[in-house]
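So that the names make sense, note that chain A is the first sequence line, chain B the second, and so on, each numbered from 1.
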Number of protein chains: 2
Amino acid sequence: MTIHHVAQRARVSASTVSRAFTTPEMVRRDTRERVLRVADEVGYRPNRAARGLITGKTANIGLIVPDLGNPLFPAVLKGAQARAQQADHAVFLADTDENADLEVNLIKAMAKQVDGIVLCSSRMSDKQRRAVESLTPLTFVYRKVADVPIVLVDNADGMRQAVEHLAALGHRRAAYLAGPQASWSNRERRRGLRSASRATGVDVIELGPFAPRFEAGLQAADLVLATDVTAVLAYNDLIALGVLNRLADRGVAVPEQMSVIGFDGIDFAAMCTPPLTTVLIPKEAAGRAAVELLLDWLDQKSLGHTAGAQRTLGTQLIVRSSTAAPPRVSAGSNGRAARGARQLKGD
Amino acid sequence: MTIHHVAQRARVSASTVSRAFTTPEMVRRDTRERVLRVADEVGYRPNRAARGLITGKTANIGLIVPDLGNPLFPAVLKGAQARAQQADHAVFLADTDENADLEVNLIKAMAKQVDGIVLCSSRMSDKQRRAVESLTPLTFVYRKVADVPIVLVDNADGMRQAVEHLAALGHRRAAYLAGPQASWSNRERRRGLRSASRATGVDVIELGPFAPRFEAGLQAADLVLATDVTAVLAYNDLIALGVLNRLADRGVAVPEQMSVIGFDGIDFAAMCTPPLTTVLIPKEAAGRAAVELLLDWLDQKSLGHTAGAQRTLGTQLIVRSSTAAPPRVSAGSNGRAARGARQLKGD
DNA sequence: TCCCAGACTGCAACCCTTTGCAGGAAGTTG
DNA sequence: CAACTTCCTGCAAAGGGTTGCAGTCTGGGA
């Protein structure tokens, strides 16, 4: 079913059919109605590829995430996809498996078929980013980049809330299980941690970096137990969940002997035992916002406007049962920091 | 960067550039190398939309899932996307929010931009399916449909394993928490349950239907406690996780007082407390298989072959700590089935 | 030396829409 | 009644590729 079939059956030219869809006010009422009726009857829909060829807009947007196995990203994806659909755009999805080179390749491959790409927790270096930024409009989520639209989360404030919570409970010594070094979120969480640590007097040692996965949490838990901390701040919920599991296996009671705090607020943080205290970050909202910013940018771009819109969303500590006052005598303490741990100082 | 720029710089015609990419054996070695070198230098990549316009193939495939919030689907998606990428195809993703009408609309909207669509746990009625099947090649995952490629899972056998496990532990009476009525998986799981029930003598009452979500599990747990069963078989892990949570809240020990079995084998089933006994179904493998079947079909189609390939993947009961022998005297029993429960008989 | 096959390459049409431009009809104004 | 507007519609080009067909060039056989 092409535009010509419809044109023929409605006894008009293809141009008129086209206009009936794209600029309805340009065609006389009865003509338009006849065309649309015929189009509906035969199930005609404009071919977007052909349209895109001439208009330069594909009505597609790309979305690239590091790992669909981390529920954080499906959540962002869900928001983004819903918002895109609302604007009558379709979304291309790709998963990089936390691999920055693959990310670059995916951008190159997608660039021509989309109007822009939303990059979620991009792991690209600045150099890599510059190599692709001219290919298609890029929007970043959970990563700060100059001169393009970005959707951020106030990670530092989230960490402040978490550390203040621990301090209020009486903790004096905590461990941070670091995330990927290429992650902006990790850098920001460390930064927030450092300043909250100074402000509250809670000492924080850093372990890792760890892959942002459950398995890494299992591994991390043992390292934590070799130190004398009474609380653990994990880079994300997946790691925290791993810690919870391994601590249970080792017979360490949470929260009585050890407090654990996650980050992200994935659904499962509420479903485990004990329910995990975590810092909730916006996920679907971030996805929606990113698509919105991208679409706005594209609109304005045609008007010659510049980019650089930034939206920062708040975080909220969700206190559940994985945190409590520290034990009188710290359990499992061996009196000194384990090998591999180090004071959290400057980068 | 169009094919003409490259042609000009390589001092050949556009046709030759095109052939250098699509039918390299048709162009002389040194010409081809020159063309490809130039193309690489200027960063040229064929515009797939333009190519698709004339070849009729888009090198895109669609994937539609009911709910990205259920980790089952991101897992399938991950497999599908990886396999598609391997075949140099991109994937369009959409989420229906468990809504069959939206599913139909999404198929219509996608049809023109893809070579085929993979439908995951489709909720469409037969009538709806027939209304869209001519739009574009459809492949189904987790749903049986005649004459098109499908990837199935042996749900009935999974249920057999689960029920035999319960029977072996000594359970005589269990509840099934049913899933969505439009779900093929739910029908198959019920069927397997019925026959396993007969074979083992374990009585099974059915509750529900429930939405395949955590919250529904919370709700279901109370209904279960109002019956005299000693074990619960949930439609899926999300519901089982909800049951686990609510039982813990109500002070019912799992597995001592109540055994709980999930279905799907999502990652989180292993991370909760107690770790959930569940029936593992292939997820990434199913996604990969679906894409493979679809691509094969498309290849053969051009050769005039027919469709209908079917791949059935096995299931595996993963025994963890949420199942054990029933208590001597069934806890919370009130001697009769709750209102709303009914014997599991025919449909 | 001539003819022919085989290997390459270029021309031009085509895929499906959109859109600038121009033409025709109807209505308005002087 | 002539001269403009205004409104609507069609023609044709364009957008970036692919591909059937025909032409050029080369090498080999007679």
Practice task
Nearest whole angstrom, please: distance from the P of C/dC14 to the CD1 of A/Ile3.
Solution key: 18 Å

Practice task
Look at the side chain of A/Ser13 and decide which nucleotide, out of D/dT18, D/dG10, C/dT18, has an atom nearest to it.
Solution key: D/dG10

Exercise for the section: Describe the nucleic acid contact of B/Tyr44 in one word from base, sugar-phosphate, nothing, applying a heavy-atom distance below 4.0 Å. Expected result: sugar-phosphate

Handout entry: Minimum-distance nucleotide (side-chain atoms of A/His4 versus D/dA12, C/dT17, D/dT18)
Key = C/dT17

Practice task
Mind checking B/Val12 for me? I need base, sugar-phosphate or nothing, with any heavy atom below 4.0 Å counting as a touch.
Solution key: sugar-phosphate

Exercise for the section: Figure out the CE/C1' separation between A/Met26 and D/dG10, and round it to whole Å. Expected result: 11 Å

Practice task
Look at the side chain of A/Arg19 and the backbone N and O of A/Met26, then say whether any donor-acceptor pair between them is shorter than 3.5 Å.
Solution key: no

Fill in the blank from the handout: note: B/Glu33, atom CD; C/dC8, atom C1'; distance rounded to Å ~ 15 Å

Handout entry: Side-chain heavy-atom pair A/Leu72, A/Ile281 within 4.5 angstrom cut-off
Key = yes

Handout entry: Side chain A/Thr23 and base C/dT19 donor-acceptor under 3.5 Å
Key = no

Practice task
Give a yes or no on whether a salt bridge exists between B/Glu292 and B/Arg83, defined as a side-chain N under 4.0 angstrom from a carboxylate O.
Solution key: yes

Practice task
Find which nucleotide of DNA chain C each of B/Val27 and B/Lys112 is nearest to by heavy atoms, and output the residue with the more 5' nucleotide.
Solution key: B/Val27

Problem - Short side-chain N/O contact from B/Thr2 to OP1 or OP2 of D/dG16, under 4.0 Å - result: no

Fill in the blank from the handout: Nearest-nucleotide check on DNA chain D, B/Arg19 vs B/Ala49; residue mapping nearer the 5' end is B/Ala49

Fill in the blank from the handout: Of the listed C/dT9, C/dT17, C/dC11, the closest approach to the A/Ala50 side chain comes from C/dT17

Problem - Atom-to-atom span, CZ of A/Arg51 to C1' of C/dT19 - whole angstrom - result: 13 Å

Problem - Flag, side chain of A/Thr23 to backbone of A/Glu25, donor-acceptor distance under 3.5 Å - result: no

Exercise for the section: Give the rounded distance in Å between these two atoms: CD of B/Gln113 and P of C/dC16. Expected result: 15 Å

Practice task
Go through the steps to decide whether A/Asp67 and A/Asp95 satisfy the test side-chain contact (heavy atoms from CB on, under 4.5 Å), and finish with yes or no.
Solution key: CA-CA 6 Å; A/Asp67 177 21; A/Asp95 175 312; 4.2 Å; yes

Problem - Shortest side-chain distance from A/Thr31, nucleotide among D/dG16, D/dT18, D/dT9 - result: D/dT9

Problem - OP1 or OP2 of D/dG10 under 4.0 Å from side-chain N/O of A/Thr16 - result: yes

Exercise for the section: Ignoring backbone atoms, test whether B/Arg28 places a side-chain nitrogen or oxygen under 4.0 Å from the OP1 or OP2 oxygen of C/dC8. Expected result: no

Practice task
Nearest whole angstrom, please: distance from the P of C/dC8 to the CZ of B/Arg11.
Solution key: 18 Å

Exercise for the section: Would you indicate what A/Arg45 reaches in the nucleic acid, counting non-hydrogen atoms under 4.0 angstrom: base, sugar-phosphate, or nothing? Expected result: sugar-phosphate

Fill in the blank from the handout: Taking C/dT17, D/dT18, D/dG10 as options, the one with an atom nearest any side-chain atom of A/Ile54 is C/dT17

Exercise for the section: Measure from the side chain of A/Asn47, starting at C-beta and using heavy atoms only, and say which of D/dT19, C/dT9, C/dC16 lies closest. Expected result: C/dC16

Practice task
Return the value, rounded to whole Å, for the distance between atom CZ of B/Arg29 and atom P of C/dT9.
Solution key: 13 Å

Practice task
For A/Lys57 and C/dT19, give me the distance from atom NZ to atom C1', rounded to whole Å.
Solution key: 17 Å

Problem - Ionic contact status for A/Asp88 with A/Arg48, cut-off 4.0 Å - result: yes

